[in-house]
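Labels below follow one simple rule: chain letters A, B, ... track the order of the sequence lines, proteins then strands, and each chain is numbered from 1.
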Amino acid sequence: ETGVTQSPTHLIKTRGQQVTLRCSSQSGHNTVSWYQQALGQGPQFIFQYYREEENGRGNFPPRFSGLQFPNYSSELNVNALELDDSALYLCASSLAGDLYNEQFFGPGTRLTVL
Amino acid sequence: AQRVTQPEKLLSVFKGAPVELKCNYSYSGSPELFWYVQYSRQRLQLLLRHISRESIKGFTADLNKGETSFHLKKPFAQEEDSAMYYCALRGRDDKIIFGKGTRLHILP
């Protein structure tokens with residue numbers, strides 16, 4: 001059983017650019033959630049994907065978008081990057097319908113926007 | 001509004017002393033509450049959830065609906081308990097809302 005993986009580990013972009021972050025869910029999981037963790041803060045929910053559809057969204061603007069693929073891996077896309085987008089981006093996978101619906105987290109992608 | 005508050009950014013406790021990490025929440029309805037832990041250079045992981053009423057690594061947490069609290073406790077701190085601890089609530093739309101976290105530092 002493989003755990004949640006994310007790529008890349010680190011990324012540096014400049015304001016106005018676009019970025020794509022990737023997440024492979026844990027084997028057997030069908031749901032992926034994305035979180036943004038700014039320095040000194042707890043993770044903040046961005047959105048969740050289940051069966052390739054967005055299934056809940058936090059308080060983030062439309063320039064944050066995502067995809068889920070048939071193999072349940074997922075991408076987070078951020079357009080028109082702003083300095084405040086600098087953060088650790090976490091994805092977590094889970095199995096919908098599981099008794100506890102526990103989310104398992106990846107190691108994160110550290111995004112720096114200059 | 002759904003909110004999780006962890007009032008302490010840093011808590012330093014001597015080895016062998018009791019630990020209590022505070023967590024208060026705001027939620028209308030029956031909440032599902034969790035404690036997550038992140039050890040140095042490791043990923044965020046679930047420590048315990050209130051519905052299973054378990055003790056993990058000597059830690060327990062009791063949901064107090066009257067005080068809207070879910071404090072994490074351990075009677076005797078160990079050095080390996082040093083980590084970042086996040087209280088979290090599963091809200092509407094199944095999303096998890098995290099507090100800002102408390103860094104627990106166990107002093108030798």
J.: Quick one: which residues of residues 4-17 of chain B reach chain A at under 4.5 angstrom, heavy atoms only?
T.: none
J.: Count the heavy atoms belonging to other residues, nucleotides or ligands that lie under 6.0 Å from CG of A:Asn59, then report whether that count exceeds 12.
T.: no
J.: Before giving the answer on side chain to side chain donor-acceptor pair (under 3.5 Å), spell out for A:Gln103 and B:Tyr36 the whole-Å C-alpha distance, their side-chain angles and the decisive distance to 0.1 Å.
T.: CA-CA 11 Å; A:Gln103 294 192 4; B:Tyr36 282 81; 5.3 Å; no
J.: Would you find more than 12 non-hydrogen atoms of other residues, nucleotides or ligands less than 6.0 Å from A:Arg15 atom CZ?
T.: no
J.: Counting neighbours of CG on A:Leu39 that are heavy atoms of other residues, nucleotides or ligands and sit closer than 6.0 Å, is the number greater than 12?
T.: no
J.: Please say whether more than 12 non-hydrogen atoms of neighbouring residues, nucleotides or ligands are located less than 6.0 Å from CZ in B:Arg103.
T.: no
J.: Among A:Ala92, A:Gly106, A:Gly56, single out the residue with the greatest number of heavy-atom pairs under 4.5 Å to chain B.
T.: A:Gly106
J.: When you look at CZ of B:Phe76, are more than 12 heavy atoms from neighbouring residues, nucleotides or ligands closer to it than 6.0 Å?
T.: no
J.: Counting only heavy atoms closer than 4.5 Å, note whether A:Phe47 contacts chain B via side chain, backbone, both or neither.
T.: neither
J.: Go through the atoms of A:Gln44 and report whether side chain, backbone, both or neither lie under 4.5 Å from a heavy atom of chain B.
T.: neither
J.: Over all heavy atoms of both residues, which pair between A:Gly58 and B:Lys95 is shortest? Give the atoms and the distance, please.
T.: CA-NZ, 4.2 Å
J.: Determine whether the aromatic ring centres of B:Phe98 and A:Phe45 lie less than 6.0 Å apart.
T.: no
J.: If hydrophobic clusters are built from ILVMFWY residues whose side chains come within less than 4.5 Å, do B:Tyr85 and B:Ile106 share one?
T.: yes
J.: Any side-chain heavy-atom pair from A:Gln37 and B:Leu44 closer than 4.5 angstrom?
T.: no
J.: Ignoring hydrogens and angles, tell me if any N or O in the side chain of B:Arg43 forms a donor-acceptor pair with the backbone of A:Val4 under 3.5 Å.
T.: yes
J.: Are more than 12 heavy atoms, taken from residues, nucleotides or ligands other than A:Lys13, located less than 6.0 Å from that residue's NZ atom?
T.: yes
J.: Is A:Gln41 close to chain B through its backbone or its side chain, or both, or neither, when contacts mean heavy atoms under 4.5 Å?
T.: both
J.: Shared ILVMFWY cluster between A:Phe104 and A:Leu95, side chains joined below 4.5 angstrom?
T.: no
J.: Going by heavy atoms in the side chains, are B:Arg49 and A:Glu102 under 4.5 Å from each other?
T.: yes
J.: Please report the closest heavy-atom contact between A:Gly42 and B:Tyr86, naming both atoms and the distance.
T.: CA-CE2, 3.6 Å
J.: Is there a path of hydrophobic side-chain contacts, each under 4.5 Å between heavy atoms of I, L, V, M, F, W or Y residues, that connects A:Leu21 with A:Tyr72?
T.: no
J.: Give, for atom CD1 of B:Ile96 and atom OH of A:Tyr35, the distance between the pair rounded to the nearest 0.5 Å.
T.: 4.0 Å
J.: Applying a strict under-4.5 Å side-chain criterion to I, L, V, M, F, W and Y, I'd like to know whether B:Ile56 and B:Leu72 cluster together.
T.: yes
J.: In the single-linkage hydrophobic clustering (I, L, V, M, F, W, Y; side-chain heavy atoms under 4.5 Å), do A:Val32 and A:Tyr50 co-cluster?
T.: no
J.: Counting only heavy atoms from other residues, nucleotides and ligands, does the tally under 6.0 Å from CD of B:Glu80 exceed 12?
T.: yes
